[in-house]
Amino acid sequence: MHSELQISTRTDDHALEAVPEGERQNWLQLSWSTAGIVTTLIQLFVGALVTFVAGIRIGLLAGVFVAIVGALLGWGAGHIAFRTGLASTVLSREHGLGQRGSALLALVFGFMITGFIALENVLLYKGFLFYLNQPDTLGMRVAVYGTLTIAWILLTAFGFSLVSRVSSLALVAFLAVLLYMMVDVITTSGQSWSSVMQFGAQMPPEALKAMGATTDWGKFSFCVNVLIGSAGALALIDADLGRYAKSSRDIAIAAVIGNIFMDVVMVAVGGIVMYAGMDQLVAHHVKVGGMTEAAARALALQSPDSVAAAFIVFGGVLGTLLMVFAQSKAQVLNTYSASLSLTNLADAVFGWRPGRFVFVVLANVIACLMLIGSILEWFNSFITVLGILTTGFAGIIIADYFVVKRGAGASLGGAEEVNWAGVITVVTGFVLAHYVLNRLVPIEFFTSLVVSFVLYPVLRLGALSRMKTARS
């Protein structure tokens, strides 16, 4: 019984209530987490993907644009969380969705973050297979995925303070190996820094056509649609972390740092390392894997696994160890956010509060179930769709707090079971962005965000006005 109480104390850390003032943190402490959660293999793959589709310049331009948008959304959501002390999904009960309506955000955000747990696990697994030169068998899957799952559960079970410490140590180590790899790969390739900063699209024309990336605008739109998914998720994570902030300025700085690392640093490093090291990576596949040069190049260009392989080929034993270390801190933070969403989901729908440790375990179990499908194969669709939804949710929360609350004097969202204005806005924004206006406005989050900022206040203020009239 005593051990159960200890686990509950370590893992519940105010999942459903405001964080006390005595546990608030400054911008540097928060930034270890906002930067740590985005410095991962999957973000390096995203960087390589967008720069290989659009070229390094357009890829970085899109990255800067998304970093600005993401930082603003992150500060907005984080500021509200700082004021209320509540996590993003619990926050939406008061601002945007209502008590039971918040289950919609918890479901979408929880699914997205759990999906990232699964994605990162897959990349680690592929890296292990590559390093050990082992075949993909059921026994290897059970051994590796089982070990990883237990590790994430145990690490997260010690609460937020350990998450922050793991993140800070791993971030410094990961950045150090990235810097080493960049310098070593460029030097070994014989290319100059100026040449690797000017490369264009690397994908074959038929692939670019299928992606709608045959023009500069098409390439820019593709990059933004891919990058905004993670930015939308980070904005909601900024709220999860912002409830620990000592001031609005602290979470604002942490949000900016996180978005710069994710959309600028990781895009640049992912693109440069993969471009400059392409010949070495292809040569390795030909020598070790017995592939033809064409097959090896196609694999390196199009497979997310190539990022993990690059760490092993270019970084050696040290690179492999730091790859695992870096993924560990991100997976702990992913598990933390996923468990918060699942906690709110269970409470909003069923009134069930077994303690967050249960949801730490459940998040990782669901991530394992996701591995049954080929999650890497539908990554682009996965990240684009959830990017539309997460930016829409963030927009509704911000619009409710800064527009509706001021216009109506107070928001009544927390008093309602379902805030239908918020639910209708989310659904409308998604349908318009992804199905109706996607050809006219190819950067799909534009539509969902505008709908959140325009339609939601109109619907909500109208509903509050009718409620006020009915009461009088």
Side-chain angles (χ1 to χ4, degrees), residues 16-18 72-73 75-110 232 235-236 239 242-243 248 341 343-351 385-386 388-437 441 444-472:
L16 293 172
E17 64 273 342
L72 290 172
L73 289 175
W75 170 77
H79 171 80
I80 302 168
F82 153 70
R83 289 292 187 188
T84 62
L86 300 174
S88 58
T89 51
V90 180
L91 184 65
S92 65
R93 298 181 180 188
E94 177 75 19
H95 298 287
L97 296 173
Q99 184 78 12
R100 291 189 178 274
S102 67
L104 181 60
L105 171 56
L107 182 64
V108 171
F109 187 48
L236 296 176
R243 66 200 185 108
S248 179
S341 291
T343 299
N344 180 62
L345 180 63
D347 182 59
V349 177
F350 306 109
V385 167
L386 292 178
I388 297 169
L389 290 170
T390 52
T391 52
F393 282 126
I396 288 171
I397 292 171
I398 292 169
D400 188 273
Y401 185 86
F402 288 103
V403 179
V404 173
K405 186 176 180 180
R406 294 180 180 180
S411 174
L412 302 179
E416 296 173 284
E417 286 291 294
V418 179
N419 179 350
W420 287 107
V423 174
I424 291 171
T425 299
V426 168
V427 174
T428 302
F430 176 74
V431 171
L432 289 176
H434 199 56
Y435 295 107
V436 179
L437 300 177
V441 186
E444 297 181 11
F445 92 92
F446 276 172
T447 303
S448 64
L449 202 55
V450 169
V451 169
S452 294
F453 286 140
V454 175
L455 180 61
Y456 176 75
V458 172
L459 294 178
R460 184 61 177 156
L461 289 172
L464 292 176
S465 177
R466 288 191 295 273
M467 291 169 62
K468 183 178 180 181
T469 301
R471 289 175 178 176
S472 60

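In this text, all values refer to a predicted model and were calculated from it rather than measured experimentally. Below, all heavy atoms of this structure are taken into account, side chains as well, without hydrogens, waters or symmetry copies. Along the sequence shown, residues are numbered consecutively beginning with 1.
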Counting C-beta onward and ignoring hydrogens, is there a side-chain heavy-atom pair between [X] and [Y] closer than 4.5 Å?
X: L389; Y: F393; value: yes
X: V404; Y: Y456; value: yes
X: L236; Y: L105; value: yes
X: V441; Y: V450; value: no
X: F453; Y: V403; value: no
X: H95; Y: L86; value: no
X: E94; Y: T84; value: no

Exercise for review: With sequence neighbours excluded, tell me which residues meet salt bridge (Lys or Arg N to Asp or Glu O under 4.0 Å) with R100.
Suggested key: E417
Mind listing the closest non-hydrogen atom pair of [X] and [Y] along with its distance?
X: G232; Y: T390; value: CA-OG1, 3.4 Å
X: G395; Y: L449; value: CA-CD1, 4.0 Å
X: L91; Y: A81; value: CD2-N, 4.1 Å
X: S92; Y: I397; value: CB-CD1, 4.2 Å
X: N419; Y: G98; value: CB-N, 3.7 Å
X: T447; Y: G429; value: CG2-O, 4.5 Å

Exercise for review: Begin with the C-alpha distance, continue with both residues' side-chain angles, and end with the deciding distance and a verdict on side chain to side chain contact (heavy atoms under 4.5 Å, CB included) for D347 and R93.
Suggested key: CA-CA 11 Å; D347 182 59; R93 298 181 180 188; 2.6 Å; yes
Working to the nearest 0.5 angstrom, can you tell me the gap between [X] [atom1] and [Y] [atom2]?
X: W420; Y: L97; atom1: CH2; atom2: CG; value: 11.0 Å
X: R466; Y: L461; atom1: CZ; atom2: CG; value: 10.5 Å
X: I80; Y: I398; atom1: CD1; atom2: CD1; value: 5.5 Å
X: L459; Y: T428; atom1: CG; atom2: OG1; value: 7.5 Å

Check your understanding: Residues in ring-ring contact (aromatic ring centres under 6.0 Å, His included) with Y435, at least two apart?
Key ->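 F430.
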Side chain to side chain contact (heavy atoms under 4.5 Å, CB included) involving [X] - partner list, sequence neighbours excluded:
X: A103; value: L345, A348, V349
X: S452; value: I396, T425
X: V427; value: V431

Revision key, fill the gap. Sequence neighbours excluded, the answer for side-chain hydrogen bond (donor to acceptor under 3.5 Å, both in side chains) partners of S248 is W75, H79
